[in-house]
Amino acid sequence: MIPIVFHPAYEAELPDGHRFPMRKYGRLAEILRARGLVPDGFVTPEPADAAMLSGAHDPAYVAAVLAAQVPRVIERAIGLPVTEAVAARACASAGGTLRAARLALSHGLAGSTAGGSHHARRAGGAGFCVFNDVAVAALALRREGAITRALIVDLDVHQGDGTADCLAREPDLFTLSIHCERNYPHDKVPGDLDIGLPDGLDDAEYRAVLEARLPALVQNFAPDLIFYNAGVDPHRDDRLGRLCLTDAGLLARDRYVVGLARAQRIPLCAVIGGGYGSDVDALAARHALVFEAMAGA
């Protein structure tokens, strides 16, 4: 079985009625246990500390988050109250992605049941994202010499503006974002390769884009590691999406990306990315698909 990372802090308490579906993280862990995907239990990560986070973010912003004293304008952009619990969640998520990446390097495949906070830019968070866990992890691994090149395959429905911002001066950390063009964020930050999709794309049309663009990129860039943001918000029922993928389409997408990495013998670290709606059970079940895809690889 593949190593799967989880930390109890992934699920932080929010005010009653908050629109962010925080409960999906704990529910995802329950589903993975029930499906037998973690027979030996989850791997528990060490939360990222200030030094590690400052590799990707402005140290002043990191300090403000850790003190739960984020300026109100940034807190509004994040869309979450940056309390001590939310700050701890962001640190655990970044540490979880780094732990999963290290496990992927040694096991071939691994994943974290959080992560994919791709709207957090160097100077501040946004879009429910406090720290950019993938950027933090990629930069940490490169500093310690564990990797030289990494490819970020971001298939969340929203453009990975924060990852592009954090890694803008890092040509060996390549950002690919395949997203719905007419969706958030409106002030997109150009990454290394951005593919904006029209509204309403279905399973077959989406798969055609992947098959046309991803294999050559993986082969030509030849990364030491792939970070895969398996956001489920391209789903047709997602509250913040504008695409029309089904559960079967998401699973096929995840199997394709994982299979491509396996065929090229490139380690892959998966994070769950976005997924929004009031039906937490359905959301968590969609997030479980990437772990099923890795378990079946």
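Here the structure is a predicted model, which is why all the values come from computation and not from measurement.
- Distance alone, capped at 3.5 Å, places no donor-acceptor pair between the Tyr10 side chain and the Thr113 backbone.
- Between Phe20 and Phe128, the two ring planes are tilted [angle within 30° to 60°].
- A salt bridge between Arg149 and Asp172 is present, with a side-chain N of the basic residue lying under 4.0 Å from a carboxylate O of the acidic one.
- A salt bridge is defined here as a Lys NZ or Arg NE, NH1 or NH2 lying under 4.0 Å from an Asp or Glu carboxylate O, and Arg33 with Glu30 fails to meet this definition.
- The environment of Gln264 atom CD is dense: over 12 non-hydrogen atoms of other residues, nucleotides or ligands sit within 6.0 angstrom.
- Between the CZ atom in Arg253 and the CG atom in Leu155 there is a gap of 5.5 Å [rounded to 0.5 Å].
- Judged by distance alone, with hydrogens and angles left aside, the side-chain atoms of Asn220 form a donor-acceptor pair with the main-chain N or O of Ala216 at under 3.5 Å.
- Within 6.0 Å of atom CD in Glu211, more than 12 heavy atoms from other residues, nucleotides or ligands are found, so the atom counts as buried in its surroundings.
- Counting non-hydrogen atoms of neighbouring residues, nucleotides and ligands closer than 6.0 angstrom, the CZ atom of Arg213 reaches no more than 12 such neighbours.
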**Request:** Mind running side-chain contact (heavy atoms from CB on, under 4.5 Å) on Glu46 and Leu98 for me, showing each step along the way?
**Result:** CA-CA 9 Å; Glu46 287 293 325; Leu98 178 58; over 6 Å; no

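- Asp238 places no side-chain N or O within donor-acceptor distance of the main-chain N or O of Gly275, the cut-off being under 3.5 Å.
- With values rounded to the nearest 0.5 angstrom, Thr246 atom OG1 is found 10.0 Å from Arg286 atom CZ.
- Between the side chain of Asp133 and the backbone N or O of Ser117, at least one donor-acceptor pair lies under 3.5 Å.
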**Request:** Just do the side-chain contact (heavy atoms from CB on, under 4.5 Å) check on Leu53 and Tyr61 with the steps written out, would you?
**Result:** CA-CA 10 Å; Leu53 295 165; Tyr61 170 64; over 6 Å; no

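- Counting only heavy atoms from C-beta outward, the side chains of His158 and Leu240 approach each other to under 4.5 Å.
- With contacts defined as side-chain heavy-atom distances shorter than 4.5 Å, the pair Pro185/Asp187 qualifies.
- Side-chain contact between Leu109 and Arg262 is present, with at least one heavy-atom pair separated by less than 4.5 Å.
- With hydrogens and angles ignored, the 3.5 Å screen pairs a side-chain donor or acceptor of His57 with a backbone N or O of Arg121.
- Counting heavy atoms of neighbouring residues, nucleotides and ligands inside a 6.0 Å radius, atom CZ of Arg19 does not exceed 12 of them.
- Between the side chain of Glu75 and the main chain of Val82, a donor-acceptor pair closer than 3.5 Å is present.
- The number of heavy atoms from other shown groups lying within 6.0 Å of CZ (Arg143) is above 12.
- Panel note: side chain Ser93, backbone Gly115; a donor-acceptor pair is recorded below 3.5 Å.
- Side-chain contact check for Asp161 and His119: at least one donor-acceptor pair (N or O, by modelled atom type) lies under 3.5 Å.
- Taking a cutoff of 4.0 Å between a charged side-chain nitrogen and a carboxylate oxygen, Asp199 and Arg242 qualify as a salt bridge.
- Here Leu151 contributes atom CG and Asp154 contributes atom CG; the two are 10.5 Å apart, rounded to the nearest 0.5 Å.
- Remark: side-chain polar atoms of His18 are paired, donor with acceptor, to backbone N or O of Gly79 under 3.5 angstrom.
- Take Ala9 and apply the side-chain contact (heavy atoms from CB on, under 4.5 Å) test, not counting sequence neighbours, and it matches His7, Ala92.
- His118 has its side chain out of reach of Val134: every pair of non-hydrogen atoms, C-beta onward, lies at least 4.5 Å apart.
- Note on ring orientation: taking the six-membered ring where Trp is involved, the planes of Phe174 and Phe221 are tilted (angle from 30° to 60°).
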**Request:** Could you walk me through whether Leu167 and Leu139 pass the side-chain contact (heavy atoms from CB on, under 4.5 Å) test, one step at a time?
**Result:** CA-CA 8 Å; Leu167 302 180; Leu139 289 164; 3.8 Å; yes

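- Contact of the Cys91 side chain with the Leu66 side chain is registered, since non-hydrogen atoms from C-beta on lie closer than 4.5 Å.
- Geometric assessment of Arg89 against the ring of Tyr25 yields a positive cation-pi assignment under the 6.0 Å and 45° thresholds.
- Checking side-chain atoms of Arg122 against main-chain N and O of Ala56 turns up a donor-acceptor pair under 3.5 Å.
- In this structure the side chain of Val232 never reaches within 4.5 angstrom of the side chain of Leu289, judged on heavy atoms.
- Residues Val38 and Met1 are not in side-chain contact: their nearest non-hydrogen atoms beyond the backbone lie 4.5 Å or more apart.
- In this structure, Cys166 and Phe131 have side chains that are not in contact, with every pair of non-hydrogen atoms separated by 4.5 Å or more.
- Panel note: side chain Lys188, backbone Gln159; no donor-acceptor pair is recorded below 3.5 Å.
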